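Worksheet for the structure shown next.
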Amino acid sequence: MTSLLTRTADGLQLDPDLALLEALTSPSLPLKKDKFRRRDAELDPLLLAAAAASGPNVTRNHYAHDFFPGVGLPKAEGAWDWSKWDGERAGTTNQAKKLVYISRQGPRSSRTQEEKENAGLVSEFAQPHPSLLPSKRERDHSQSLAIPSVTPAPQLNPAIPVKVTCMARTRIPTPHGTAFLHLYHNNRDSKEHLAIVVDPSQFSDDVTSISTPFIRSRTLDSVWNDTETEMDRLTRGAYVRRLTPTCQIASSPEYQRNSHIPDTIPAPLVRIHSECFTGETIGSMRCDCGEQLDEAIRLMSQPIIIPSQSPSEPPTHIPGRGVVIYMRQEGRGIGLLSKIRAYNLQDLGHDTVTANLMLGHGADERGYEVAVAILQDLGLGSSTGQGVRLLTNNPDKVRAMKKDGLKISERVPMVPRSWRKKQEGGDMEERKAGATMVGGDAVHGEDLDKYLRTKVLRMGHMLDLNLNLNGE
Ligand SMILES: Nc1nc2c(ncn2[C@@H]2O[C@H](COP(=O)(O)OP(=O)(O)OP(=O)(O)O)[C@@H](O)[C@H]2O)c(=O)[nH]1
């Protein structure tokens with residue numbers, strides 16, 4: 001075993017690595033400047049270990065801490081933004097391409113001063129928190145300084161009540177049926193969170209014996225200003241029924257189907273989905289995120305069977321309904337860059353939680369306050385209403401959402417399709433044919449045909465339209 005003590009001219013001394021680890025993890029030890037040699041090692045395993053061991057108390061005041069290719073020049077062009085980094089220019093020739101550990105933690109006094117200076121820059125919507133903007137000093141210092149590409153934590157300023165606005169809505173034909181995509185802005189972060197609403201009953205004005213209230217956004221249906229025209233409202237999605245060249249009915253703030261919800265109608269299904277580029281877009285099989293998104297929309301699109309009151313009458317079927325809130329909280333809130341690095345640490349043998357901790361992140365950095373506000377804007381989950389059936393297996397999510405004010409009437413498990421398939425012994429397809437995910441089958445449909453025709457006829461795409469006609 002290697003000795004922890006080294007003999008020097010001054011006698012026995014603690015191994016420098018251990019001394020540094022002790023200083024990093026012990027709050028009472030005074031850390032003298034110049035006591036420790038400068039560490040430029042690439043991805044220093046000791047610092048990784050210290051980050052993993054230190055826990056949230058040590059890092060709670062950091063803006064961010066990370067390994068940057070800035071090489072002793074932390075504010076070099078591109079130093080904070082890997083996409084702009086030019087290895088040759090970022091440092092001197094002999095230093096280029098090394099990684100340096102940089103913490104942007106500052107004394108509290110200077111951070112609060114910077115926050116005050118930046119407060120005037122923040123408008124109500126779609127602005128990052130002041131601590132994520134460059135300070136006045138930094139702005140003066142260099143016009144070209146890149147804003148740190150740090151993924152903001154979702155709950156940035158809990159002092160201000162959360163406010164969301166649905167900026168636009170449109171119909172999306174999915175392999176499971178029609179959905180309405182809603183894009184939201186909020187006053188907590190600069191991200192465009194989404195709501196995917198499944199509620200096909202909005203296409204019809206038929207009031208059957210059993211009808212459910214429409215799932216519609218209050219902020220979308222409201223009048224935004226006196227000058228708003230009917231066309232403005234239609235364009236941002238504030239319309240009723242199905243929008244077509246011949247059906248153009250703008251909604252009004254009062255537009256809601258007022259109906260009593262019988263006890264026999266189950267509460268709407270709700271899924272809070274966190275963005276996962278790898279799982280949803282390139283079909284990564286490191287996680288089940290793509291499948292979960294698809295399965296949530298599928299489940300919500302299933303017709304709801306309402307048992308009849310008398311044995312002689314058949315049950316009634318009503319259209320399925322529900323909402324997927326798609327939160328831009330990639331990688332459980334740590335962002336795609338860190339998630340990619342975490343995957344490499346996982347390939348080195350660490351699990352998903354340890355990998356996050358080793359990068360100085362929490363195991364899960366997501367927050368749900370904005371998601372709850374979006375649901376309530378859609379008329380769901382308020383304390384006086386019916387509540388929602390939350391599709392999840394994550395107990396922390398249930399707890400956090402209840403704490404943020406969502407009324408949950410039931411938790412519905414998200415069983416992985418392959419597990420269910422094994423249990424049922426059947427041969428259910430793991431991915432629905434027609435799904436636009438990697439591994440899905442052919443995509444087709446009326447809207448897609450129209451889109452492809454236009455690409456050929458208006459944009460010169462080199463496709464033979466007859467191929468499609470022949471196939472019909
Ligand atoms: N950091 C990190 N994030 C991951 C990893 N795998 C998936 N994710 C992210 O995890 C999020 C999904 O969270 P999950 O933990 O799968 O599930 P959950 O939302 O907590 O729980 P359920 O509601 O039961 O699905 C998405 O943002 C993914 O990008 C990983 O290995 N590391």
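Worth saying up front: this structure is predicted, and the values here are computed from it rather than measured. For ligands, and for the atoms within them, numbers begin at 1 and follow the listed sequence.
With no hydrogens or angles considered, a side-chain donor-acceptor pair links Ser201 and Asp199 at under 3.5 Å. Remark: the Arg218 side chain and the Gln376 side chain contain no N/O donor-acceptor pair separated by less than 3.5 Å. A donor atom on one side chain and an acceptor atom on the other are found under 3.5 Å apart for His176 and Asp294. Looking at Lys407 and Ser382, their side chains never bring a donor and an acceptor atom within 3.5 Å of each other. In the model, Arg242 has no side-chain atom that pairs as donor or acceptor with a side-chain atom of Gln202 under 3.5 Å. In this model, a donor atom of one side chain and an acceptor atom of the other lie less than 3.5 Å apart for Arg366 and Ser274.
Under the 4.0 Å distance rule, the nearest protein heavy atom to atom 17 (O) of ligand 1 falls outside the cut-off. Distance remark: protein heavy atom not present below 4.0 angstrom from atom 14 (P) of ligand 1.
Within the structure, ligand 1 lacks His273 among the residues with a heavy atom less than 4.0 angstrom away. At a 4.0 Å cut-off, at least one heavy atom of Glu275 sits close enough to ligand 1 to count as contact.
Residue His361 does not touch ligand 1, judged by heavy-atom distances below 4.0 Å. Contact annotation: for Arg332 versus ligand 1, heavy atoms closer than 4.0 Å belong to both the backbone and the side chain. With a 4.0 Å heavy-atom cut-off, ligand 1 is reached by the side chain of Ile334 but not by its N, CA, C or O. With a 4.0 Å heavy-atom cut-off, ligand 1 is reached by the side chain of Asn356 but not by its N, CA, C or O.
Each of the atoms 28 (C), 29 (O) of ligand 1 lies under 4.0 Å from some heavy atom of Cys276. The atoms of ligand 1 that sit less than 4.0 Å from any heavy atom of Gln292 are 25 (O). For ligand 1 and Gln346, the ligand atoms under 4.0 Å from any heavy atom of the residue are 30 (C), 31 (O), 32 (N). Close contacts of ligand 1 with Glu330, meaning ligand atoms under 4.0 Å from a residue heavy atom, involve 27 (O), 29 (O). Within the listing of ligand 1, atoms 18 (P), 20 (O), 21 (O), 24 (O) sit less than 4.0 angstrom from a heavy atom of Asn394. Every atom of ligand 1 with a heavy atom of Tyr343 under 4.0 Å away is listed here by number and element: 5 (C), 6 (N), 30 (C), 31 (O).
Ranking the protein heavy atoms by distance from atom 24 (O) of ligand 1 puts Asn393 N, 2.8 Å first. Distance from atom 7 (C) of ligand 1 to its nearest protein heavy atom, with residue and atom name: Cys287 CB, 4.0 Å. The single protein non-hydrogen atom nearest to atom 19 (O) of ligand 1 is Lys397 NZ, 2.9 Å, given as residue, atom name and distance. The shortest contact between atom 25 (O) of ligand 1 and any protein heavy atom is with Arg271 NH2, 2.9 Å. What sits closest to atom 23 (O) of ligand 1 on the protein, heavy atoms only, is Thr392 OG1, 2.6 Å.
The shortest N or O to N or O distance between Ala342 and ligand 1 is not below 3.5 Å. Annotation: Gln329 places an N or O atom under 3.5 Å from an N or O atom of ligand 1; distance criterion only. The shortest N or O to N or O distance between Thr352 and ligand 1 is below 3.5 Å.
Within the 3.5 Å criterion, the main-chain N or O of Ala168 finds no donor-acceptor partner in the side chain of Arg236. Checked by atom type and distance alone, the side chain of Asp377 never pairs as donor or acceptor with a backbone atom of Ser217 at under 3.5 Å. With Thr354 contributing its side chain and His350 its backbone, the two residues share no donor-acceptor pair below 3.5 Å. Between the side chain of Arg332 and the main chain of Asp364, no donor-acceptor pair closer than 3.5 Å is present.
The distance between the ring centers of His273 and Tyr326 falls below 6.0 angstrom.
Figure legend: Arg169 and Phe180 shown as a cation-pi pair, the cationic atom lying under 6.0 angstrom from the six-membered ring centre and within 45 degrees of its axis.
Counting heavy atoms of neighbouring residues, nucleotides and ligands inside a 6.0 Å radius, atom NZ of Lys397 exceeds 12 of them.
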